[in-house]
Amino acid sequence: MKLVVSGALVLALVGSFGYFSDQGATGNALDPDRDETGPAATSEFTLTGIGVNEVCRVRHAPGEGSTQLDLDRSCARILPRLADARIWEERPDGTVVFVSAAGEALVEFYPGDGAAYESLRPRTPLLSLYREN
């Protein structure tokens with residue numbers, strides 16, 4: 001009986017050693033491609049419009065308040081006024097506004113149901129932002 005208990009303890013010890021050594025290899029290894037400035041250097045979204053066959057990428061630096069907005073050129077084919085969008089502005093009520101360099105609110109989004117955000121203004125076309133990362 002002592003031999004069976006001793007064998008079980010040895011197997012448990014060897015098994016746990018393998019588990020912990022794998023955790024060190026994968027769980028704590030430094031990823032050379034990971035940016036050390038934080039979890040994500042940019043937030044990326046896909047912008048779509050109801051009844052519009054175009055899709056475009058929207059990027060901004062995560063943070064509170066206003067950050068620089070980067071839109072693909074194809075966004076202007078979805079809604080021409082997006083060509084002037086320069087700022088991603090997050091408001092305390094949870095809405096997001098794309099603002100021009102002149103300070104004009106071009107598109108206003110609210111947290112969506114199924115999408116990260118859906119457009120409040122303009123009403124048409126209905127625009128949706130889907131989170132990429």
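Every heavy atom of this structure was used, including side-chain atoms; hydrogens, water molecules and symmetry mates were not. A quick note: this is a predicted structure, and the numbers were derived from the prediction, not measured.
- A pairwise comparison of heavy atoms in Pro125 and Ser119 identifies O-OG, 3.9 Å as the closest pair.
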Go through Phe98 and Leu79 one step at a time and tell me if the side chain to side chain contact (heavy atoms under 4.5 Å, CB included) criterion holds.
CA-CA 12 Å; Phe98 289 3; Leu79 185 66; over 6 Å; no
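- One distance of note links OG of Ser100 with CG of Leu69; it measures 11.0 Å at 0.5 Å rounding.
- Between Ser74 and Val55 the shortest side-chain heavy-atom distance does not fall below 4.5 Å.
- Leu71 and Leu47 fall within a single hydrophobic cluster, where Ile, Leu, Val, Met, Phe, Trp and Tyr side chains are chained together by heavy-atom contacts under 4.5 Å.
- To the nearest 0.5 angstrom, Glu89 atom CD is 11.0 Å from Leu106 atom CG.
- Taking the six-membered ring where tryptophan is involved, the planes of Phe109 and Tyr117 are perpendicular, since the angle between them exceeds 60° and thus also 30°.
- Ile78 and Val107 fall within the same hydrophobic cluster, defined by Ile, Leu, Val, Met, Phe, Trp and Tyr side-chain heavy atoms under 4.5 Å apart, directly or through other members.
- Here OH of Tyr130 is found 12.5 Å from CZ of Phe45. Values are rounded to the nearest 0.5 Å.
- With no hydrogens or angles considered, a side-chain donor-acceptor pair links Asp93 and Thr95 at under 3.5 Å.
- Here Leu82 contributes atom CG and Leu127 contributes atom CG; the two are 6.5 Å apart, rounded to the nearest 0.5 Å.
- The cluster map of Ile, Leu, Val, Met, Phe, Trp and Tyr, joined by side-chain heavy atoms under 4.5 Å apart, puts Val96 and Val58 in the same cluster.
- Between the OG1 atom in Thr42 and the CD atom in Gln68 there is a gap of 11.5 Å [rounded to 0.5 Å].
- Atoms CD and OG, from Glu90 and Ser66 in turn, are 9.0 Å apart once rounded to the nearest 0.5 Å.
- Under the 3.5 Å distance criterion, with hydrogens and angles disregarded, a donor-acceptor pair is assigned to the side chains of Thr46 and Arg57.
- Note on Ile50: it does not cluster hydrophobically with Val52, by side-chain heavy-atom contacts below 4.5 Å among ILVMFWY residues.
- When all heavy atoms of Ala76 and Ala83 are compared, the pair lying nearest together is CB-CB, 4.0 Å.
- Considering every non-hydrogen atom in both Thr67 and His60, the closest pair reads OG1-ND1, 3.2 Å.
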